[in-house]
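Computed from a predicted model, the values in this text were never measured in an experiment.
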Amino acid sequence: MNIQALLSEKVSQAMILAGAAADCEPQVRQSAKVQFGDYQANGIMAVAKKLGQAPRQLAESVLTHLDLHGIASKVEIAGPGFINIFLDRDWLAAQAKQALSQPRLGVAAVEPQTIVVDYSAPNVAKEMHVGHVRSTIIGDAAVRTLEFLGHKVIRANHVGDWGTQFGMLIAYLEKQQNEHHEAIALADLEAFYREAKRTYDEDEAFAERARAYVVKLQGGDEYCRTMWKKLVDITMSQNQKVYDRLNVTLTRKDVMGESLYNDMLPGIVADLREKGLAVTSEGATVVFLDEFQNKEGEPMGVIIQKKDGGYLYTTTDIACAKYRYETLHADRVLYYIDSRQHQHLQQAWTIVRKAGYVPESVPLEHHAFGMMLGKDGRPFKTRSGGTIKLTDLLEEAHDRALTLVREKNPEMSEAELQQLAEVVGIGAVKYADLSKSRTTDYIFDWDNMLAFEGNTAPYMQYAYTRVLSVFRKAGVDADTLDAPLVITEDREAQLATRLLQFEETITQVARDGTPHVMCAYLYDLAGLFSGFYEHCPILSADDDATRQSRLQLAALTAKTLKQGLDTLGIKTVERM
């Protein structure tokens, strides 16, 4: 049930009957304060100005045409022409009852699209570090949300698995295998990469062999391809352990590395030349874009092929967008990439549009995000200034959570404590990130993220178990409740209204890629349940009918909290 969409349609029809244009915007919003109703229609002023009417006069005319019979108990004009809408309690009860009976909580099916989501994007022969966290978990929350709504989502893990450094890595892997006479596990990928680079810089014979391997690899040499594939396989198998621990839905089949587009690059450069978009400049192939200007105010040149014949990231990203439209048949493409890459992507996409590779009807969206910072306001690093490995971060999260849950649950078995610590610790790291607006930087703070109060994972996970405990105390299975649901108290109405706003919330998250909106909704919902539980007795209700009705509101709250947290990739537990 999307109440906002329903009311928007009703108010829009009334505005048109009152003389507004067919494309008028009713601007229906959730009310910020209860005295202004549950929803407000704020579009009257703008339309009245166009019609040359007094806003209040137009609002009165709109009310004569507005049919909210059975939906609203009261509709009133406020101020210069705002329309306040108070939802009918019987209608709320009926909608809540229906939502409880449906596996998707009453969320309507959408017209499915094929949506490609580009996220995570680690590099081969390097371990994932904290810099990969935001792309990975925000992207995965978007994927989960879109899939819940019914879209066909193609996960695209744009792994850095190509380039000149692979000659060096292949040569070093060969050297290691020859010296150790066994397969190398690459337990420490970072150390492997560092040693390969050191050897390359210090040993000219090694460097020459590495450069030769680059040429062979790009030419399809079978030996080099086998060694290259081994590096990719070892890296991605290690990354998969991180994804699994993070409760992220990426798998090996979602890897679409830079190498995937390698064979497309010569054809794209030739085509851009043929179309007159690319020209030779100082030996390189360049596309000059009027949309971007250099310091002298001249069109910016974007190199797509160096004079030595090598290609650049821009060339790969042009091919990537083309592939996603032509081969994957994307209706929409979302990129969860660092905000610092914005201009690079915009330049690539400008070329893509000019070349006609992806029509304007298919959105290419950069859902940029800020950085994870330490308490000093600088990029989050180790005390010695090094990059923090993701495996180390998650291990610390588990250990800190274990200390916390052990204090709170002294009677719990060690196995249960370990499992609970994993759910709480990993959930805390993810939720702390997801609850912040993705477009801004945020401060990483262990104490805040593991707190049991405030908008944190432990608080939300505990709120869920608290609702479940009501049913354990009542000795009732939530799925067997079939009595009428009746709303008589203000706090019942407030809780029911918020529960029914789940679809509005998830629709906004899917549209804008803003999981913090879901976090804010769930936190608000948990607070409303707490107030409802305190002021509207459930187990000690005056009669069984009231008890059954309130148990149903509790059941819908539990289902909504669990589903909402699931779209964020946050696990829940039955007891805490």
Can you name the residues that form a side-chain hydrogen bond (donor to acceptor under 3.5 Å, both in side chains) with T439, not counting sequence neighbours?
S437
If I compare all heavy atoms of I318 with all of A348, which pair ends up nearest, and what's the gap?
CG1-O, 3.8 Å
CG/L58 to CG/L51 distance, rounded to the nearest 0.5 angstrom?
6.0 Å
Distance from E365 atom CD to R511 atom CZ, nearest 0.5 Å?
11.0 Å
For H367 and Y336, I'd like to know if the aromatic rings sit close, meaning centre-to-centre distance below 6.0 Å.
yes
Would you indicate whether I303, at its atom CD1, is surrounded by more than 12 heavy atoms from other residues, nucleotides or ligands within a distance under 6.0 Å?
no
Verify the neighbour count for atom CD of E298: are there more than 12 heavy atoms of other residues, nucleotides or ligands below 6.0 Å?
yes
Y223 and E174: side-chain contact (heavy atoms from CB on, under 4.5 Å), yes or no, with the steps?
CA-CA 10 Å; Y223 171 76; E174 178 186 58; 2.8 Å; yes
Would you please test D221 and R225 for salt bridge (charged side-chain N to carboxylate O under 4.0 Å, His left out) and show each step?
CA-CA 6 Å; D221 178 80; R225 285 284 173 134; over 6 Å; no
Flag the pair D140 and R144 as a salt bridge only when some basic side-chain nitrogen lies within less than 4.0 angstrom of an acidic carboxylate oxygen.
yes
Take T235 and N123, measure what side-chain contact (heavy atoms from CB on, under 4.5 Å) needs, and give me the verdict at the end.
CA-CA 8 Å; T235 306; N123 291 312; over 6 Å; no
Is the backbone N or O of K436 less than 3.5 Å from a side-chain atom of T440, with the two atoms forming a donor-acceptor pair by type?
no
Below 4.0 angstrom, N of the basic side chain to O of the carboxylate: do D338 and R134 qualify?
no
Look only at the side chain of T145 and the backbone of V509, and say whether a donor-acceptor pair between them is shorter than 3.5 Å.
no
Output field: ring centroids Y323/Y261 closer than 6.0 Å:
yes
Ring centroids only, cut at 6.0 angstrom: are W349 and Y357 within range, meaning strictly under it?
no
Check this for me: E208, atom CD, are more than 12 non-hydrogen atoms of other residues, nucleotides or ligands nearer than 6.0 Å?
no
Quick check: does any side chain N or O of E504 sit under 3.5 Å from a backbone N or O of Q4, one acting as donor and the other as acceptor?
yes
Below 30° counts as parallel, above 60° as perpendicular, anything between as tilted: where do the rings of Y172 and F192 land?
perpendicular
Take E396 and L393, measure what side-chain contact (heavy atoms from CB on, under 4.5 Å) needs, and give me the verdict at the end.
CA-CA 5 Å; E396 183 167 357; L393 182 81; 5.7 Å; no
How far apart are the closest heavy atoms of I443 and G374, and which atoms are they?
CD1-O, 3.4 Å
Interatomic distance, CD@Q218 vs CG@L265, rounded to 0.5 Å, equals 10.0 Å
Salt bridge check: are K307 and E282 linked by an N-O gap of less than 4.0 Å?
no
Take atom CD of E274 as the centre, draw a 6.0 Å sphere, and report whether it contains more than 12 heavy atoms from other residues, nucleotides or ligands.
no
Hey, mind stepping through D161 and S259 against side-chain hydrogen bond (donor to acceptor under 3.5 Å, both in side chains) and telling me if it holds?
CA-CA 6 Å; D161 67 348; S259 60; 2.7 Å; yes
With rounding to the nearest 0.5 angstrom, report the OG to NE2 distance, S135 to H158.
11.5 Å
Would you check, one step at a time, whether the test side-chain hydrogen bond (donor to acceptor under 3.5 Å, both in side chains) holds for E258 with N262?
CA-CA 7 Å; E258 292 169 11; N262 195 53; over 6 Å; no
Answer yes or no: is there an ion pair linking E395 with R245, defined by an N-O contact shorter than 4.0 Å?
yes
With a 4.5 Å heavy-atom cut-off, do V429 and W446 have their side chains touching?
yes
Got a sec, which residues hit ring-ring contact (aromatic ring centres under 6.0 Å, His included) with Y523, two or more places apart in sequence or on another chain?
Y459
Student check: side-chain heavy atoms of L246 and K430 closer than 4.5 Å
yes
Pair D254-Y119, side-chain hydrogen bond (donor to acceptor under 3.5 Å, both in side chains): steps then yes or no:
CA-CA 10 Å; D254 302 315; Y119 67 112; 5.9 Å; no
Do I83 and Y39 make a side-chain contact, defined as non-hydrogen atoms from C-beta onward lying under 4.5 Å apart?
no
Are there over 12 heavy-atom neighbours, none belonging to Y313, within less than 6.0 Å of that residue's OH?
no
Any side-chain heavy-atom pair of L390 and H129 under 4.5 Å:
no
K275 atom NZ, neighbour heavy-atom count above 12 within 6.0 Å:
yes
Find the distance between CG (L565) and OH (Y431) and round it off to the nearest 0.5 Å.
7.0 Å
Spell out, as yes or no, whether a donor-acceptor pair under 3.5 Å connects the side chain of Q240 to the backbone of L250.
yes
side-chain hydrogen bond (donor to acceptor under 3.5 Å, both in side chains) evaluation trace for R438 with T514:
CA-CA 7 Å; R438 66 169 166 75; T514 48; over 6 Å; no
Beyond-backbone contact of L450 with T456, side-chain heavy atoms, under 4.5 angstrom:
no
side-chain hydrogen bond (donor to acceptor under 3.5 Å, both in side chains) involving N448 - partner list, sequence neighbours excluded
D445
If you count heavy atoms of other groups shown closer than 6.0 angstrom to CZ of R378, is the number above 12?
no
Among T114, V143, I115, V117, which residue meets the side chain to side chain contact (heavy atoms under 4.5 Å, CB included) test with I154?
T114
Please walk me through it: do E291 and K354 pass salt bridge (charged side-chain N to carboxylate O under 4.0 Å, His left out)?
CA-CA 11 Å; E291 294 83 354; K354 284 175 180 282; 3.1 Å; yes
Look at the side chain of N2 and the backbone N and O of A5, then say whether any donor-acceptor pair between them is shorter than 3.5 Å.
yes
For the residue pair Y442 and F444, does the interplanar ring angle fall in the parallel (under 30°), tilted (30 to 60°) or perpendicular (over 60°) class?
tilted
Just do the side-chain contact (heavy atoms from CB on, under 4.5 Å) check on H151 and E147 with the steps written out, would you?
CA-CA 5 Å; H151 295 293; E147 283 191 330; over 6 Å; no
Test D118 against every option in R155, R332, R324 by the salt bridge (Lys or Arg N to Asp or Glu O under 4.0 Å) rule and name the one that passes.
R324
Parallel, tilted or perpendicular: which describes the rings of Y200 and F206, with under 30° parallel and over 60° perpendicular?
perpendicular
Interatomic distance, C24 atom SG to M15 atom CE [nearest 0.5 angstrom]:
4.0 Å
Heavy-atom side-chain contact between M168 and T199 under 4.5 Å:
no
Should V242 and L394 count as side-chain neighbours, where that means a heavy-atom distance under 4.5 Å?
yes
